[in-house]
Every structure is written in structure tokens, then in C-alpha cells.
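Everything below concerns the one structure shown next.
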Amino acid sequence: MLLLVTQLSFLGAADAKKKTPPQRTGLPEQIFNLAKQLGGVPLEDAGPITGQIQKLVIDHMTEWMANRTPTDVEARHELEGVFSLLHYPLDGLPATFQQLWKGQVILGVGYTLSWSAYDRQNVVAIYSSSGGKSQYVAVTNFVPHTDLHYVNLPQIAWDDMRFLVWGTRTGKSQDRISVALYSFDGKNLKSLWQSQDIYDGRMDVVKDKVIIRYLKEDEYVHAVERGKHPPRHQATYQLTAAGMQLLDDHEIPF
């Protein structure tokens, strides 16, 4: 009888251990526990959760960078650790850049949080670094449903720092890109120009011009139905002090 009671006590203790796993409290665990709640939640309704994740990430990066001037590579590696527990279909993809401006190192510390092929939330935070210290300055959310890439721009006819953000959106026969031109004056971050969902878009920056090649969706559909190639289009924009000005938009060979 004593042996049976001992065995039952042992089994009960084992079951209790299975039912009460240790709580995870580190930042990667907090991010994972929040992100897994996004399953089946459309982006339009996900704000309360993605907002919590955004605050945790920015607060962590602000504290981590406070007494250092990291490179964009170091910042990206730190973000990779923050999202290290996410796994398919959850993903946290860091995207960082740095640019020297007025004696400061300006760091863009961003990421794309995704939980399906279509539901993606972007965050771009701007930090100013000098004298071995960094401070958080501004944050924005780029176009939803896209991933995140940057293009640094030269200083030409403006005093503020400028850069392009672009991203790809899936969900149709051809991917679409969105592009935004941002201005940073040391305190404020604002969008000067934006174009969304450019069908099969491809972008190049050549000196002070931005060239975007694209298809028109209705032309593409009609051409495919007839077994032909659709016309491709090319838009050329001039970077100006006010933002971007369209110079030309014409058809080019497919």
C-alpha cells in the first residue's frame, strides 16, 4: 500500500509539472506570446496587439542604444534577437539603415511583423547618435501589408535628411510595391510623397531622379487573355526641395 501511495504521489507531482510550465518573462518571450495572438486576426483589427509589440521593441532599442552609437548592422542583430522565438507563420524581419547628417549618425531602426502572407505591420523608428550616445526621436508606420526596404538619398537642394522607404505587397498575380519619400529635420519625420500598390513595380534611383517601371493591371489582364504581352510603363520623377515631381511617364517595351 505504501508503495502504491508513493507511486501515485510521484505521478501527481509529474502531472503538476506538466500543467504549470515555468513562465517566460524575457523580451523575446513577451514578443512571442503577443504575436501568437495574431493568428486569424486581420491587420485592420490587430492594432491593440501590434501596438504593444511596437512599444516593447522601441523601448528596448531606446534603452539598448542609450549609451552607445551602434552601426545599422549591430542594431539589426539586436532586433533579430528580439524576434528570435517567432516561427512560421509568425515573422519579425528587421530592416535598418544609417546615414551621416550634420555631424550625427541617423539610424533607422525598423521591422516588418507578419503573421500571414498578407498581414504585415511596419515600424520605422529614427534615432540620432553622437558622442557615444543615442536617443529616440521619431517613429512612423509605413504602408501596411508590405515588407520594408530603404534607399538613402544624397544631400542636394535641401537641408533636411531624406530617404526612400519601399515595400512589396503580395496577393495578386503580380506583386505590388509602395514607395514613400521621407524627410527628417532633426526633430520631425514626415512623408513628402507616396504612391501605393504600383502593379509589378520596379524602382531605381539615379542621382537626383527616381525611375519606376510598372504595369497597369487592366492592361495586363486583357493582354494575358489574348495571349500577348502588355505594355510596360516608365515614370521618371525629379527629386526637388518640395519632394518629387513627375517629369515623364511613357510606354516602354515589355
Side-chain angles (χ1 to χ4, degrees), residues 43 54 58 72 75 93-112 120-130 135-170 172 174-217 219 231-252:
L43 178 60
Q54 176 175 316
I58 291 179
D72 56 331
L93 185 62
T96 60
F97 75 90
Q98 69 180 48
Q99 188 168 342
L100 185 62
W101 179 72
K102 293 188 175 182
Q104 307 170 67
V105 176
I106 306 301
L107 280 165
V109 178
Y111 64 87
T112 303
R120 299 171 176 173
Q121 175 66 41
N122 292 294
V123 177
V124 181
I126 300 297
Y127 290 83
S128 173
S129 298
S130 62
Q135 61 179 350
Y136 162 78
V137 184
V139 67
T140 190
N141 297 107
F142 180 54
V143 177
H145 295 291
T146 70
D147 56 9
L148 193 62
H149 308 273
Y150 310 106
V151 179
N152 289 340
L153 296 175
Q155 295 291 126
I156 303 178
W158 44 81
D159 189 51
D160 51 341
M161 190 197 85
R162 299 191 179 182
F163 59 96
L164 290 167
V165 178
W166 68 275
T168 302
R169 179 177 182 175
T170 61
K172 291 193 174 184
Q174 305 293 325
D175 289 346
R176 294 155 285 169
I177 70 167
S178 294
V179 184
L181 171 65
Y182 282 97
S183 162
F184 176 65
D185 65 3
K187 295 181 179 179
N188 304 297
L189 179 66
K190 64 180 181 179
S191 176
L192 300 179
W193 178 91
Q194 187 176 105
S195 183
Q196 295 188 28
D197 291 339
I198 306 169
Y199 196 73
D200 196 37
R202 322 280 175 84
M203 183 182 70
D204 290 303
V205 179
V206 181
K207 296 183 179 179
D208 60 348
K209 294 180 176 60
V210 178
I211 300 168
I212 299 177
R213 290 176 289 276
Y214 65 98
L215 298 174
K216 292 183 177 179
E217 186 175 1
E219 291 180 347
R232 182 170 284 278
H233 300 264
Q234 178 173 297
T236 302
Y237 295 88
Q238 176 73 54
L239 292 167
T240 69
M244 280 171 54
Q245 179 181 352
L246 180 63
L247 295 179
D248 178 67
D249 193 343
H250 63 277
E251 290 187 6
I252 59 176

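Only heavy atoms go into these numbers, but all of them, side chains included; no hydrogens, no water, no symmetry mates. Treat the numbers as computed from the prediction; the structure is a model and nothing was measured. Position 1 is the first residue of the sequence; numbering continues from there.
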[X] side chain near [Y] side chain, heavy-atom distance below 4.5 Å:
| X | Y | answer |
| --- | --- | --- |
| D197 | E217 | no |
| W166 | T146 | no |
| M203 | L164 | yes |

[X] [atom1] to [Y] [atom2] distance, which is reported to the nearest 0.5 Å:
| X | Y | atom1 | atom2 | result |
| --- | --- | --- | --- | --- |
| N152 | Q98 | CG | CD | 9.0 Å |
| I177 | I198 | CD1 | CD1 | 4.5 Å |
| Q174 | Y199 | CD | OH | 5.0 Å |
| K190 | Y182 | NZ | OH | 13.0 Å |
| D248 | Q234 | CG | CD | 7.5 Å |
| L192 | L181 | CG | CG | 5.0 Å |

Within the side chain of [X], is there an N or O that forms a donor-acceptor pair under 3.5 Å with the backbone of [Y]?
| X | Y | result |
| --- | --- | --- |
| T96 | G108 | no |
| Q99 | L153 | yes |
| D208 | Q238 | no |

Show the nearest heavy-atom pair for residues [X] and [Y], with the distance to one decimal.
| X | Y | value |
| --- | --- | --- |
| S130 | G103 | CB-O, 4.4 Å |
| S178 | F142 | O-CZ, 3.5 Å |
| A75 | V109 | CB-CG2, 4.3 Å |
| Y214 | D249 | OH-OD2, 2.8 Å |
| V165 | L148 | CG1-CD1, 3.4 Å |
| Q104 | L100 | O-CD1, 3.2 Å |

| request: Please test L189 against S183 for side-chain contact (heavy atoms from CB on, under 4.5 Å), starting from the C-alpha separation and ending with a verdict. | output: CA-CA 6 Å; L189 179 66; S183 162; over 6 Å; no
| Under 6.0 Å from the CD atom of Q155, do we count more than 12 heavy atoms belonging to anything else shown? |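 For Q155, atom CD is crowded (more than 12 foreign heavy atoms under 6.0 Å).
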| request: Give me the one residue out of H233, R176, R202, R232 that meets side chain to side chain contact (heavy atoms under 4.5 Å, CB included) with L215. | output: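 Considering H233, R176, R202, R232, a side chain to side chain contact (heavy atoms under 4.5 Å, CB included) with L215 is found only for R232.
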| field | Residue among V123, V124, N122 satisfying side chain to side chain contact (heavy atoms under 4.5 Å, CB included) with T140 | value |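 Of the listed options, the one satisfying the test is V124.
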| message | Using a strict threshold of under 4.0 Å (side-chain N to carboxylate O), is an ion pair present between D160 and R162? | response |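 Counted as a salt bridge, because a side-chain N and a carboxylate O are separated by less than 4.0 Å.
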| said: Is it the case that the side chains of T168 and D175 hold a donor-acceptor pair, with the cut-off being a distance below 3.5 Å and no angle test? | reply: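 The answer is no; no qualifying pair exists.
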| query | What orientation do Y150 and F163 show, parallel under 30°, tilted 30 to 60°, or perpendicular over 60°? | reply |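 Aromatic pair Y150/F163 classed perpendicular.
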